[in-house]
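The structure under discussion appears below in the form of structure tokens.
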Amino acid sequence: MKNDYEAVVGLEVHIQLLTNTKAFCSCTTKFGTSPNMNTCPVCLGHPGALPTLNKSVVDYAITLGLATGCEIRPFSIFSRKNYFYPDLPKGYQISQYEDPICYDGALEIELAEGQKRIGITRIHIEEDAGKSIHDVDIDTLVDLNRSGVALLEIVSEPDIRSAQEAYQYLMQIRQIVMYLGICDGNLEEGSLRCDANISVRKRGTEKFGTRTEVKNLNSFRNVERAIEYEINRQIELIESGGTIVQHTMLWDATVHETKVMRTKEKAHDYRYFPEPDLVGVSVSEEWMQQIRQRLPELPLARKQRFIEQFGLPKYDAGILVDEQSLGDYFESVVSKLSGKTEESYKLVSNWLMTEVMRILSERKIPASEFELPAEFIAELVDLLVTNTISSKIAKEIFPQLLTSNKSPIELVKEQGLAQISDEKLIESLVKDILSQNSENVEKYKAGKSNLFGFFVSQVLKQTEGKANPKIVTEILNRELNNN
Amino acid sequence: MISYSTFRIAAQNGTITTTDSTRQVVSEIEKQKHLNAFLTVCESEALAQAATSDKHFATGSPRLLEGMVIALKDNISTKGIRTTCASKMLENFVPVYNATVVDRMNAHGGIIVGKTNLDEFAMGSSNENSAFGAVEHPLGDNLVPGGSSGGSTVAVAAGLVHVALGSDTGGSVRQPAALCGVVGFKPTYGRISRYGLVAFASSLDQIGILASDVSTTARFFDAISGIDERDSTTAELPATQSLAMIEQPLLRSFTVAVLPDSELAGCDADVLKVYYSRLEILRQNGATIIPAEIPGSTAWIPTYYILATAEASSNLARFDGVRYGFRATVGDDDEDAMIVRSRTQGFGAEVKRRIMLGTYVLSSGYYDAYYRKAQKARRLVLNGYNDVFTKADILFLPTTPTPAFKRGEKTADPVAMYLSDYFTVSANLAGIPAISIPAGTSSEGLPIGMQLQAKSFDDERLLYFAHHFYQLFN
Amino acid sequence: MNPIETVEYVAELARLKFTEDEISQFANQFQNILSYIQTIEELDLEGIEPLTHISQAENVFREDVVQPSLPLEDVLRNAPKRNESFFKVPKVL
């Protein structure tokens, strides 16, 4: 029975750092240049060349470590991981083996049942390899632009118990590294990469089952699908009397299955030893303090704060913090509201989640590049909560805010769009409409309740849409019930 | 060849030009071709540099190395000039950058006249392991010049150049210097940049200087030493000022430590004769001789070989025929087969042997037993030397157990060859500076060298003592 | 693994190929290493920390400032096989 089993999953995530230069040489990390244009004797592995450590790489490692509650190792060194591959120029990768710079951290993920803590075993610094292109030519083509780019490897504890948890963990990592400004979190383009280690065991047992490693997870959804698939595959195999073999699997996204890698399972004997060309890294309390002070508010904390401080629903808060500059924009708008009430905050949130995000998505820009001044939205919301305009009018104005560069108040004034909230006036209008439509009034009273909408629309038509719908509805109800 | 100091004075006086001197060098190198000391001669580049030197001398502004004719071991990267490491693997390799030491010597007015032969990838003690033929001892007679910097040493010993650079990982500058009768100096680890030195064993390698006298060595050292931002293992120190230091008069009294006699048991009788007689000369000139015990000396060679081959196996992994170097032409083979064939055919037997040993000691299951133990033994050596130098100014010992031996004499048994490094490897293990100076000859007239060692970063004082001892011994 | 298997394993790791004779020679030489180790094991290494670096320096950093890379012609100059922009190797399986 599937429920008798528990999945045990650990994720290894590699993030490509947004430093200006590579980890061990001064070549640029900028993308999109022609092949082999960003290389030098060091990252090409030329005889006699030596690595030099980029300080920013260490800064970013400490930053991520502190943001995930890790211990920062006071003194750490680099190691060589030795293996042969055409896009690994030195025949070894400079990495950290025995004593990584960060260890024993964790992050919280949100599940339906509440929050769950996923441990982080270690975070260490290493360098990327180049790219091999296999299918364009008879030969394999090698481009070493990416060789030497700085990476951080984040290894989770095997605390993940489902594909859904894995997805949440990965999204958290992505959000955090983007908030910290150290990585652009793009799984599809490879600046964030994920491998999963998956095993299953009967519930209640402590012993780990044999695990497989699943690679080629090139989208967030595929991470979830692949893990789900592999968990089920293992359970079914065990249930039918088979045993799990420790393979490296690839996720085949076309048929939605994990498959054993075809290449020879060569013994991975990396012969780690301390890198003699680089000296050790010593992290002082002062250094950590400097970095700690620069840490931004992280996504989960910000989400909680949006819920508590602004009374936003969890759903809204989640959407607003997903991208850091959208959250910044929200706070900017909110700071400019005249009336600071939960109703206002909710309205701001609605406007951002619908109209604003639609535009950002169409234009493929982050909120930081959105030119609409935050005070315009604040003003719009102020006009709404004071019933100066109706939401229908607000929707009409909004596109004009983008094109005319006039503030909402200016537009309302210019076009006379202020809502009619004068009760006496509306009462007289309502009475007129009802007396002009006596037949329909009879039909309404006889039970055709959908005629109510007709009466409302007639009043609105008379007022060119400016009558306050709430008041119209109140008065209509009163008049219809009284007669 | 006249000494550099004589040349420099003459050039300043206008009685000789660098261009003439350089031309003579090139012609002499050609005449002595049979020595096989040079793999590449850069005549046009050298003459171009010589012309610049002439101008500097003429205008009375000679730089530190003005007009000095230099040979470089062919494992030092020279932009635009073939650098082979005496290997088929790099037979046609032309570097695209200069080693830091090359930039520095150029800036000081040095003239690079050619690249010298060596044991392939600096692995050997006789220069019999070159893919381009062995190097001859200047005295001929089928003798080896020593190695791995055999070509550079012979270039100096045969009077072809003023100075030559070699590399010293376990004695590869000092040992050939002793066998050929010249001065061979290995600085403190980190005193000279390794950027551009093709790595053999990164934590042991240092560029070393070969010359016929200590003052030329000191001058060159001052020109190329000092921190290099491209090599993180260089010490945070400026260039040395040894030329000034060596001219100071010898101290009236100083302390010289010596190894226990039991350590010298494997030495040739001639070597011992020179050793003891020179020690007596030192005694007569102010030396107080004290015994030194460096614990773990029995393990020097095994420790060295484990660490050096391990690092070498990793450093030579970049030679895979992908981006440069020898690629074996294959049919429809895959990339992995291409790499195996290229490495198998491109590397010589000794190099492959050391790669195998190094790979073995690092492989899974053996790391703790071999490599880690060797690292501990290494610290024991370092501690031992630190202790010696609290009590003595220098350590005095033979450079090699025997004078130059015949070709083929030690190639049958690799272990015999390794043992000839006994007196030199410890300085690389501890990172301390060491120098071999000519000290006498054997009964057959073969050169015998004696070695001085000092504590880390005491390079200038080491050269100072070496300068004076050289004069006392010769 | 027996000695011959060990040699073959190590040769594969090192990407080298040997004849049968050479492999037996290596098997012997690996045994010799063991005798080397005996010498080290006779030392008293109790409490001795492994020496990983000679240099006592720490935190030798480089500022994160871009410097020019090599021109493409220099990058590919020594390439055994290439096209205009890439290194070429036989198909990777």
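- B:R343 contributes a side-chain N or O that, together with a main-chain N or O of C:A14, makes up a donor-acceptor pair within less than 3.5 Å.
- For B:Q345, the CD atom counts as densely surrounded, since its 6.0 Å shell holds more than 12 non-hydrogen atoms of other residues, nucleotides or ligands.
- For B:N92, the part sitting under 4.5 Å from any heavy atom of chain C is the backbone (N, CA, C, O) and nothing else.
- At least one donor-acceptor pair closer than 3.5 Å links the side chain of C:N78 to the backbone N or O of B:V94.
- The candidate from B:K373, B:M356, B:R378 with the greatest count of non-hydrogen atom pairs under 4.5 Å with chain C is B:M356.
- Taking every heavy atom of both residues into account, B:R372 and C:P50 meet most closely at NH1-CG, 3.6 Å.
- The CE atom of B:M338 sits 11.5 Å away from atom CZ of C:R15, with the distance rounded to the nearest 0.5 Å.
- Neither the backbone nor the side chain of B:S313 comes within contact range of chain C, judged by heavy atoms closer than 4.5 Å.
- Note: C:F87 CZ to B:Y324 OH = 9.5 Å, rounded to the nearest 0.5 Å.
- When heavy atoms are compared at a cutoff of 4.5 Å, B:A235 does not approach chain C at all.
- Residue-environment remark: NZ (C:K88) exceeds the threshold of 12 foreign heavy atoms within 6.0 Å.
- With a 4.5 Å cut-off on non-hydrogen atoms, C:I40 touches chain B through its backbone and its side chain both.
- Scanning all heavy atoms of the two residues, the minimum distance from B:K352 to C:F26 falls at O-CZ, 4.3 Å.
- When every heavy atom of B:G321 is checked against every heavy atom of C:P80, the shortest pair comes out as O-CG, 3.4 Å.
- For chain C, no part of B:A349 is nearby; none of its heavy atoms comes within less than 4.5 Å.
- How far OG1 of B:T303 is from CG of C:L51: 11.0 Å, rounded to the nearest 0.5 Å.
- Residues C:E42 and B:T298 form no side-chain contact, since every pair of their non-hydrogen atoms from C-beta on lies 4.5 Å or further apart.
- For the pair C:P90 and B:R327, the tightest heavy-atom approach, listed with the atom from each and the gap, is CD-NH1, 4.0 Å.
- Atoms CG and CD1, on B:L380 and C:I48 in that order, are 5.0 Å from each other to the nearest 0.5 Å.
- Here the rule is side-chain contact (heavy atoms from CB on, under 4.5 Å) with C:L16, and of B:T344, B:I339, B:V340 only B:T344 fits it.
- Heavy atoms closer than 4.5 Å to chain C are found nowhere in B:Y97, neither backbone nor side chain.
- B:S363 is listed as a side-chain neighbour of C:L13, based on a closest heavy-atom distance under 4.5 Å.
- Heavy-atom distances place both the backbone and the side chain of B:A374 under 4.5 Å from chain C.
- With a 4.5 Å cut-off on non-hydrogen atoms, C:F61 does not touch chain B at all.
- At a 4.5 Å heavy-atom cutoff, the contact between C:T52 and chain B is made by backbone and side-chain atoms alike.
- Heavy-atom pairs under 4.5 Å with chain C peak, among B:Y371, B:Y189, B:Y370, at B:Y370.
- In this structure, the portion of B:L429 lying under 4.5 Å from any heavy atom of chain C is its backbone and not its side chain.
- Proximity to chain B involves both the backbone and the side chain of C:K81, based on heavy atoms less than 4.5 angstrom apart.
- For the atom pair CD of C:Q56 and CD of B:E236, the computed distance is 13.5 Å after rounding to the nearest 0.5 Å.
- Between B:R353 and C:Q29 there is a side-chain heavy-atom pair separated by less than 4.5 Å.
- For chain B, the nearby parts of C:A79 are the backbone and the side chain; heavy atoms of each come within less than 4.5 Å.
- Between B:T233 and C:S55 the shortest heavy-atom distance is O-CB, 4.3 Å.
- A salt bridge does not link C:E49 to B:K376: none of the charged side-chain nitrogens sits closer than 4.0 Å to a carboxylate oxygen.
- The distance from the CD1 atom of C:I54 to the CG atom of B:L204 is 7.5 Å, given to the nearest 0.5 Å.
- In terms of non-hydrogen atom pairs under 4.5 Å with chain C, the most contact-rich of B:N383, B:L357, B:I306 is B:L357.
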